[in-house]
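I have placed the structure first, in the form of structure tokens, so that the comments after it can refer back to it.
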Amino acid sequence: MSTINKNAANVRATIVSNKRVGQYFQLIINIGELATVCKPGNFVAINVGGANSRMVLRRAFAISRVSTSAISGGTMELIVAPHGQGSKWLCSQVEGDELDVIVPLGTAFGIPTEPVHVLLVGGGYGSAPLFGLAELLNARGCRVDMLLGASTAAKIYAPMEGKRAVNSLRIYTEDGSMGHKGRVTDPIPEMIHDSNIAVIYSCGPMAMLSAIDSITRGSDVVHQCAVEESMACGIGICMTCVLPVEQEDGTVAMLRTCIDGPVMDGSVVQWEKVGKAL
Amino acid sequence: MSTINKNAANVRATIVSNKRVGQYFQLIINIGELATVCKPGNFVAINVGGANSRMVLRRAFAISRVSTSAISGGTMELIVAPHGQGSKWLCSQVEGDELDVIVPLGTAFGIPTEPVHVLLVGGGYGSAPLFGLAELLNARGCRVDMLLGASTAAKIYAPMEGKRAVNSLRIYTEDGSMGHKGRVTDPIPEMIHDSNIAVIYSCGPMAMLSAIDSITRGSDVVHQCAVEESMACGIGICMTCVLPVEQEDGTVAMLRTCIDGPVMDGSVVQWEKVGKAL
Amino acid sequence: MSTLDFSTTLGNAWFPTPTFTASGCASSGRELAQFFDLASIGGVVTKSIMSKARSGRPTPRMAETPSGMLNSIGLQGPGLDAFLAKDIPYLVEQKARIIVSIAGETVEEYSTLARKLRAVSGISALEVNISCPNVENRGLVFACDPEASRRVIDGVRRTIGGELPIIAKLSPDVTDLVSIARGVVDAGADALALINTVLGMVINLDTMRPHLGGKTGGLSGPAIRPIAVRAVYQVHAAMPQVPILAMGGISNGRDALEMIAAGASGVSIGTASFGNPMAIIAVQDELKALLTAKGFNSLRQAIGYAHRPESE
Amino acid sequence: MSTLDFSTTLGNAWFPTPTFTASGCASSGRELAQFFDLASIGGVVTKSIMSKARSGRPTPRMAETPSGMLNSIGLQGPGLDAFLAKDIPYLVEQKARIIVSIAGETVEEYSTLARKLRAVSGISALEVNISCPNVENRGLVFACDPEASRRVIDGVRRTIGGELPIIAKLSPDVTDLVSIARGVVDAGADALALINTVLGMVINLDTMRPHLGGKTGGLSGPAIRPIAVRAVYQVHAAMPQVPILAMGGISNGRDALEMIAAGASGVSIGTASFGNPMAIIAVQDELKALLTAKGFNSLRQAIGYAHRPESE
Ligand SMILES: Cc1cc2nc3c(=O)[nH]c(=O)nc-3n(C[C@H](O)[C@H](O)[C@H](O)COP(=O)(O)OP(=O)(O)OC[C@H]3O[C@@H](n4cnc5c(N)ncnc54)[C@H](O)[C@@H]3O)c2cc1C
Ligand SMILES: Cc1cc2nc3c(=O)[nH]c(=O)nc-3n(C[C@H](O)[C@H](O)[C@H](O)COP(=O)(O)OP(=O)(O)OC[C@H]3O[C@@H](n4cnc5c(N)ncnc54)[C@H](O)[C@@H]3O)c2cc1C
Ligand SMILES: Cc1cc2nc3c(=O)[nH]c(=O)nc-3n(C[C@H](O)[C@H](O)[C@H](O)COP(=O)(O)O)c2cc1C
Ligand SMILES: Cc1cc2nc3c(=O)[nH]c(=O)nc-3n(C[C@H](O)[C@H](O)[C@H](O)COP(=O)(O)O)c2cc1C
Ligand code: FES
Ligand code: FES
């Protein structure tokens, strides 16, 4: 039976820095000891709006990277797109401000026991958790190729340091303003065909994840994707964040993506049933 | 027919300073040209809580003083008690923060045409608008006596500079922690009896105003009081802020204290009917 | 780029823009005129007027609540004669379009009000506020009683003739809003105003008693917006031909567009004006910009858009 | 200084504290157990369980609204058998007091659920969620139909016998809440749970269609608190002897005390737990401190306090 991430704790955490990066904001947040139990794929749930806020729900963000230094203690990095009122509020917070955070939450990307060839595919801010993952995979001896895509250059998040752990990186923008013009999923069939990719790790819009699933479906390639459904609580108590997932017995169940996800096996998610009644 | 203060305007105003004074906060706010049209007794209505606030209504505060200097332009001073969520938010704002303010609102204290003897009575933060008033009366040659009262010393607001325009000042606290022990209304009957007080100006809790009315009722002393009813809009459109007031024709009408007040003739307010259905 | 046709109609009344004050939230109009030109909005909906002067409920008459407020004004007002003598001429002089809201304690009172208003010129429509206690039936609110609602509108319709459009203003505090709406439309309402406030209460923890002088009050503001959107959607689904004047928590252009998409032909702004006297102007400007940005040529095209199948 | 008697009763069930989870807002209890000891609160009200497993409504299932949210879960759940096999034993093991919430599509389904629960040990009470569409009557929600409400409770009462207290959970979306409440009490309910969510809707302005997969959803959170306080006050005024479990926007001790003063014997915390998993503990601690500060010796003394005349 799936349960909440056993390391999850509700803490007050101080913002160490907040920098604008393209159309995103990079927040470094001090979470002390908890940084050591965060894994690539995990996410956090943050209260937004302050004391008199009309926003009653937490916002979910993927942990992009963690670092544990002697000086600042443990920190985590978030890459936040100023989307609606809550994420905009978060982006407007400054160094020294305190946040109410539940961390770490959800499942993590599974790491292969063998040094296989892997492909990491990120859409928009979905690339954030992939760099930390790349480091881990690289350290395990995997060959790590990466594809990043977005509608336009300013929405590509690809930090310099992050690229070190990657063997190849190709960027796609729909308007051609950076890298290749086209969709990030365009080169995947050829890459699968040409090389021996064992696992695709993906994070980004649901349409991208679903497109990757159509490509890998029927092949031997494992597809681990970090999904994104509207979440009211992030801790498994509201049942709003569900996706239709095929069970071992062949039935389809609505699983909570905050507990059984965000990282899920793409081949069991019933993409065509998302947003439909079962 | 009563109308909204004809000078009222809705402006964004910057906080020049915010200082703690006893249990109150003294805010100096830049309102530019509008400072020249504010009169003692007028009040302001301020939006609280910022962009994502669950507080939908403005808060009303008496203008304590205005000043027009060449350097900072026109400013007004407010003395704010951190009472509930809205006033606490206001007290937490700092120099440079912008406020959404409607100013000036409501009626002003009437100034006698002759240099008469007047008594100013303030309860708690109710003393705030009295110092500006005292200066004006003093300049007109009036003899100005002042009584200030509160439950305890920290709730007495009596700035040094303010006292200059006052001929005498007596302070009362209920716990005796400052000045005389007792109620601010205690000495009034004797003062009226002993001297030739023509007008009492009062500002403070409704119970204090009502008590002064019982004292002046039947006498020649005019009682101009600044009342305080719960206000939703401050600009005369909601009808929440009403008080029962006797009309010229002898009938009693529910008048809006944000337009026909806050300064009202104490002798026509039907104190015993406040909070009752007519 | 084509210009947007921003006009709307409620019954046979035409308005250049779909944005109105909400009854009871603009007093006589004079106060808001200090902040904007009353002729620049769709129209002023006046505070509900009764036959005789009324002093209303005791104070406190308000309580702020999360993203909303309670009020218990109790229909304080000068009575129809004073209203006709002072307020209407002022609004006419300002060239404001006027929707007069009427309220009564008996079916007869509504008809009487309608009779006296019939001959008054300068009025675009009547809004009939039936969220009032019916003194002839144990104080049961008209709008909560299908038969009483129907009778009020029927009486007004007969009295007023076919001249002035009748907008029946309904309460959301009912089990079956659609059937009440059907009833008043059958009885002659040309349009519906949705929604009046939701009955609520706040306890004052100092006194440990109901905070409001009137004990219960009407909940308004953004807190109730989802209830209002649902009400508009349900009623428009059942009677797409009946124009709806929507209200309940509208504070900006996006809120207004939600109501329009749900099925409203116009919007009233109430509580938002308390926090921002220019709220109606903001709603108007933002709604116009939103419709244009979405490629609509007219407001009309957007009305009820949310009812179209996904494929369209 | 005397210590406060913080205990409460709902029917013949006794609880050491008056603070509960709200049905559907605590899943099976396991998730919150990571944040506090389930035995330390009054009790866990389980997600409404139906006879068979249900996958619920399509996503999106939520929308945030000003000071509130809409949900349209559609009673997703594992069905009674799985629930009895997995969830109940877990809660019993945690020494949590358990109120099982049941839901059905027919009067018969409720009775069947009651029959199967009758023999299960470790349950303190049944909460009967009648805010469900009645498939035998055009999908009309039981709680909106006095007769159907009555029949559901009557069926459960007959089945369950006098053993387990029955708490009937009512919807605020009705014209006359008191008469529905009277009906279910007459039919055998020992207590009432007030209020379920208020029907609402949000339009997604990108798609210009209803945002939720289920189109309409239930409004909860602080936005509806004044509606809940009013409901509790009205029902307690009419039936002061019937215990009420209050819910709707309770986020802190002050909110809880408002409900207690209005007439509640206990409070459920739902939406607040989404923003703060420790909300129930906070409510509990703050309520205790408030009651003590106000000089109450027991929770019981404060129940319905707001109904006393001003002079007392
Ligand atoms: C597991 C997970 C990881 C995420 N990681 C990131 C990240 O690294 N960077 C980033 O910028 N964003 C991320 N998101 C999306 C982020 O949660 C939303 O952009 C954010 O919640 C929007 O809130 P808002 O107040 O700005 O918008 P609003 O539209 O005001 O939000 C209204 C409500 O809907 C919910 N909501 C709206 N959009 C989403 C969404 N896409 N996903 C989930 N809930 C949503 C909000 O949480 C809120 O409750 C992630 C979402 C999930 C579920
Ligand atoms: C004309 C006038 C002048 C005032 N001058 C001052 C002043 O100089 N200094 C000062 O500290 N306070 C003053 N007040 C009182 C001040 O408005 C309230 O303390 C403040 O509104 C409380 O808001 P809150 O958010 O802190 O409390 P909350 O209890 O959260 O307020 C809830 C709601 O009730 C209203 N409300 C609550 N108490 C009052 C009150 N006493 N009067 C009016 N509305 C109220 C609020 O405006 C708000 O809408 C004045 C009030 C009026 C009417
Ligand atoms: C202070 C106040 C007074 C009101 N008076 C009336 C009234 O006289 N007649 C009426 O039909 N509605 C009245 N209403 C209801 C509003 O017209 C409107 O239907 C409701 O407030 C919802 O809109 P809002 O959320 O924009 O305020 C009043 C509302 C408030 C807040
Ligand atoms: C996500 C969610 C799911 C709910 N599920 C149920 C349910 O299964 N059964 C039920 O009786 N009430 C359910 N409710 C209603 C709550 O129990 C409660 O009555 C309502 O939310 C008001 O309380 P709150 O404002 O504290 O959330 C649900 C509410 C929410 C927000
Ligand atoms: S977000 Fe609440 S269960 Fe997943
Ligand atoms: S506060 Fe609205 S009319 Fe006075």
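Convention: sequence-line order gives letters A, B, ...; per-chain numbering from 1.
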_Within a 6.0 Å radius of atom CZ on C/R254, are there more than 12 heavy atoms belonging to other residues, nucleotides or ligands?_
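Not buried by this count: 12 neighbours or fewer within 6.0 Å.
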
*Verify the neighbour count for atom CD of B/E33: are there more than 12 heavy atoms of other residues, nucleotides or ligands below 6.0 Å?*
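Result for CD/B/E33: open.
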
Based on non-hydrogen pairs under 4.5 Å, which of [options] is most in contact with chain B?
options	result
C/G270, C/S251, C/S55, C/G68	C/S55
C/S67, C/A53, C/P60, C/A63	C/S67
C/P66, C/G213, C/G221	C/P66

_Heavy-atom contacts under 4.5 Å, residues 229-251 of chain B to chain C_ =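 Contacts with chain C: B/E229, B/S230, B/M231, B/A232, B/C233, B/I235, B/G236, B/I237, B/C238, B/M239, B/T240, B/V242.
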
*Among residues 268-278 of chain B, which residues come closer than 4.5 Å to chain C, judged by heavy atom distances?*
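So far as heavy atoms go, B/V274, B/G275, B/K276, B/A277, B/L278 are the residues that approach chain C to under 4.5 Å.
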
*State, with a plain yes or no, whether a side-chain heavy atom of C/R61 is found less than 4.5 Å away from one of B/M254.*
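The answer is yes; the side chains approach within 4.5 Å.
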
Is [X] close to chain C through its backbone or its side chain, or both, or neither, when contacts mean heavy atoms under 4.5 Å?
X	answer
B/A8	both
B/N47	side chain
B/N52	neither

_Tell me which of these, B/V252, B/D100, B/N5, B/V48, has more heavy-atom pairs under 4.5 Å with chain C than the rest._
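Among B/V252, B/D100, B/N5, B/V48, the one with the most close pairs to chain C is B/N5.
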
*Does any donor atom in the side chain of C/S27 or B/R256 lie under 3.5 Å from an acceptor atom in the other side chain?*
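Indeed, the side chains of C/S27 and B/R256 share at least one donor-acceptor pair under 3.5 Å.
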
*Show your working on side-chain contact (heavy atoms from CB on, under 4.5 Å) between B/R54 and C/E64 and close with a plain yes or no.*
CA-CA 10 Å; B/R54 67 179 171 203; C/E64 197 183 44; over 6 Å; no

*Using a heavy-atom cutoff of under 4.5 Å, enumerate the residues of residues 31-44 of chain C that contact chain B, numbered in order, or state 'none'.*
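From residues 31-44 of chain C, the residues near chain B are C/E31, C/L32, C/Q34, C/F35.
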
*In residues 271-279 of chain C, which residues are in contact with chain B at a heavy-atom separation under 4.5 Å?*
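Hits under 4.5 Å: C/T271, C/S273, C/F274, C/G275, C/N276, C/P277.
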
